[in-house]
Amino acid sequence: MKLLWQQIPSTIITEIFCNSKYDGIVIDTEHSPFNIEKIFSCIQVANLKNKMCFVRLPYLDKSIAKICLDANCDGLIFSTVEEEKYAKKIYEFCNYPISGGNRGQGLVRENNWGKEKLKSRKPIIIPQIETKKAVDNLDEILKYDFNYFLIGPYDLSASLMCVEEFKN
């Protein structure tokens, strides 16, 4: 999966990225000034262009996660997942009860405002491992059925006291 990383909150940028040969985009809300409405609009553009769309969130906020999933993003990337209780909350907030979570359903963009059957799709969830604490707790974090993991090389190297020494 090849994705472009979007840090500029603009649907025009989303459209340009979606016209590329890449599979989709990541809307990075950790290091950029996206608001909820702009996130929703960028997800819409990606969907209309038949591209994958992920949203990277700086922290777990049940409301924002739900809005992104209801808007029909393909998945969420969570920054700085360090311990099992945080991983568990992510899993529960993002998955429907049929998949072991407690996410609610409604008439939203994900089901075409009620024109389609309510879905029980399992979104792609990606925790970021960015600290020594996360590495130390990795076995506990791995208990949850996450699709992928993403290493945050800058933060992880800083946490390990070897800033930008990626081969260390």
Side-chain angles (χ1 to χ4, degrees), residues 1-82 86-87 89-96 99 101 103 108-112 116 119-131 134-135 138 141-142 144-159 163-167:
M1 175 174 18
K2 295 180 186 174
L3 303 169
L4 291 168
W5 209 264
Q6 182 176 340
Q7 292 181 306
I8 300 169
S10 166
T11 54
I12 295 168
I13 299 296
T14 304
E15 184 175 16
I16 290 168
F17 280 6
C18 288
N19 284 332
S20 75
K21 63 182 178 183
Y22 290 88
D23 299 314
I25 62 166
V26 173
I27 298 169
D28 183 6
T29 68
E30 181 175 22
H31 297 292
S32 59
F34 277 92
N35 64 35
I36 293 297
E37 187 175 355
K38 188 61 71 176
I39 294 168
F40 193 96
S41 297
C42 290
I43 293 168
Q44 283 179 306
V45 170
N47 284 177
L48 292 170
K49 292 294 215 168
N50 295 313
K51 294 289 188 163
M52 297 186 81
C53 184
F54 294 85
V55 180
R56 180 180 185 222
L57 300 173
Y59 54 87
L60 179 58
D61 180 306
K62 185 177 182 177
S63 295
I64 294 173
K66 187 175 184 176
I67 288 168
C68 292
L69 294 169
D70 286 352
N72 204 33
C73 73
D74 291 284
L76 299 172
I77 301 169
F78 288 92
S79 178
T80 320
V81 177
E82 296 184 302
Y86 190 62
K89 283 184 181 180
I90 290 170
Y91 192 85
E92 289 174 349
F93 289 174
C94 296
N95 286 290
Y96 292 117
S99 299
R103 180 176 165 212
V108 295
R109 187 165 193 285
E110 182 185 32
N111 61 37
N112 198 18
E116 297 173 18
K119 297 181 180 180
S120 58
R121 76 175 171 110
K122 202 168 179 196
I124 297 170
I125 304 300
I126 306 170
Q128 278 193 268
I129 305 303
E130 300 183 280
T131 64
V135 172
L138 196 54
I141 295 168
L142 287 171
Y144 298 91
D145 189 24
F146 294 119
N147 304 89
Y148 304 97
F149 289 86
L150 183 62
I151 303 297
Y154 290 101
D155 290 333
L156 182 57
S157 69
S159 176
V163 178
E164 294 186 40
E165 295 176 26
F166 302 128
K167 293 185 179 186

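In this structure, the side chain of Asn147 engages the main chain of Ile125 through a donor-acceptor pair within 3.5 Å. Remark: the backbone N or O of Ile12 is paired with a side-chain donor or acceptor of Ser10 at under 3.5 angstrom. Ser41 places a side-chain N or O within donor-acceptor distance of the main-chain N or O of Glu37, the cut-off being under 3.5 Å. In this structure, Gln7 contributes its side chain and Ser32 its backbone to no donor-acceptor pair below 3.5 Å.
Interatomic distance, Ile13 CD1 to Ile27 CD1, rounded to the nearest 0.5 Å: 12.5 Å. Taking CD1 of Ile141 as the reference point, atom CD of Glu82 lies at 8.0 Å (rounded to 0.5 Å). With values rounded to the nearest 0.5 angstrom, Cys68 atom SG is found 13.5 Å from Arg56 atom CZ. Within the model, atoms CZ of Phe17 and SG of Cys42 stand 10.5 Å from one another, a figure rounded to the nearest 0.5 Å. Note: Ile36 CD1 to Ser63 OG = 8.5 Å, rounded to the nearest 0.5 Å. Interatomic distance, Cys73 SG to Ile124 CD1, rounded to the nearest 0.5 Å: 9.5 Å.
Counting heavy atoms from C-beta on, the side chains of Lys21 and Lys2 never come closer than 4.5 Å. Between Asn35 and Pro9 the shortest side-chain heavy-atom distance does not fall below 4.5 Å. Looking at heavy atoms from C-beta onward, Asp145 lies out of side-chain contact with Asn95 at the 4.5 angstrom threshold. Counting heavy atoms from C-beta outward, Phe149 and Val81 have side chains that stay 4.5 Å or more apart. Side-chain contact check for Phe78 versus Cys94: some heavy-atom pair is nearer than 4.5 Å.
Contact record, Ala158 with Val163: CA-CG2, 3.7 Å, taken as the closest heavy-atom pair. Looking at every heavy atom in both residues, Phe34 comes nearest to Ile8 through CZ-O, 3.6 Å. Between Ala87 and Phe146, the closest heavy-atom pair is O-CZ, 3.5 Å. Of all the heavy atoms in Glu116 and Glu110, the pair that sits closest is OE1-O, 4.3 Å. Shortest non-hydrogen contact noted between Phe54 and Leu76 is CD2-N, 4.3 Å. In terms of heavy atoms, Ile77 sits closest to Val26 at CD1-CG1, 3.9 Å.
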- request: Evaluate side chain to side chain contact (heavy atoms under 4.5 Å, CB included) for Leu150 paired with Gln128, printing each intermediate quantity in order.
  value: CA-CA 5 Å; Leu150 183 62; Gln128 278 193 268; 3.7 Å; yes
- Full working for salt bridge (Lys or Arg N to Asp or Glu O under 4.0 Å) between Asp74 and Lys51: CA-CA 9 Å; Asp74 291 284; Lys51 294 289 188 163; over 6 Å; no
Test side chain to side chain contact (heavy atoms under 4.5 Å, CB included) on Val135 and Leu156; report intermediate values, then the result. CA-CA 9 Å; Val135 172; Leu156 182 57; 3.9 Å; yes
**Prompt:** Going through the checks in order, is the side chain to side chain contact (heavy atoms under 4.5 Å, CB included) test met by Arg109 and Asn47?
**Reply:** CA-CA 10 Å; Arg109 187 165 193 285; Asn47 284 177; 2.4 Å; yes
(request) Please report the C-alpha distance between Glu130 and Ser159 in whole Å, then the side-chain angles of each, then the deciding distance to 0.1 Å, and finally whether the side chain to side chain contact (heavy atoms under 4.5 Å, CB included) criterion is met. (result) CA-CA 8 Å; Glu130 300 183 280; Ser159 176; over 6 Å; no
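A donor atom on one side chain and an acceptor atom on the other are found under 3.5 Å apart for Lys49 and Asn19. Side-chain contact, Ser157 with Glu164: no donor N or O sits under 3.5 Å from an acceptor N or O.
With sequence neighbours excluded, the residues that form a ring-ring contact (aromatic ring centres under 6.0 Å, His included) with Phe166 are Tyr154. Remark: Tyr59 pairs with Asp61, Ile64, Tyr86 by the side-chain contact (heavy atoms from CB on, under 4.5 Å) rule, at least two apart or across chains. Taking Thr14 as the reference, Gln6 meet the side-chain hydrogen bond (donor to acceptor under 3.5 Å, both in side chains) condition, with sequence neighbours excluded.
The environment of Lys122 atom NZ is dense: over 12 non-hydrogen atoms of other residues, nucleotides or ligands sit within 6.0 angstrom.
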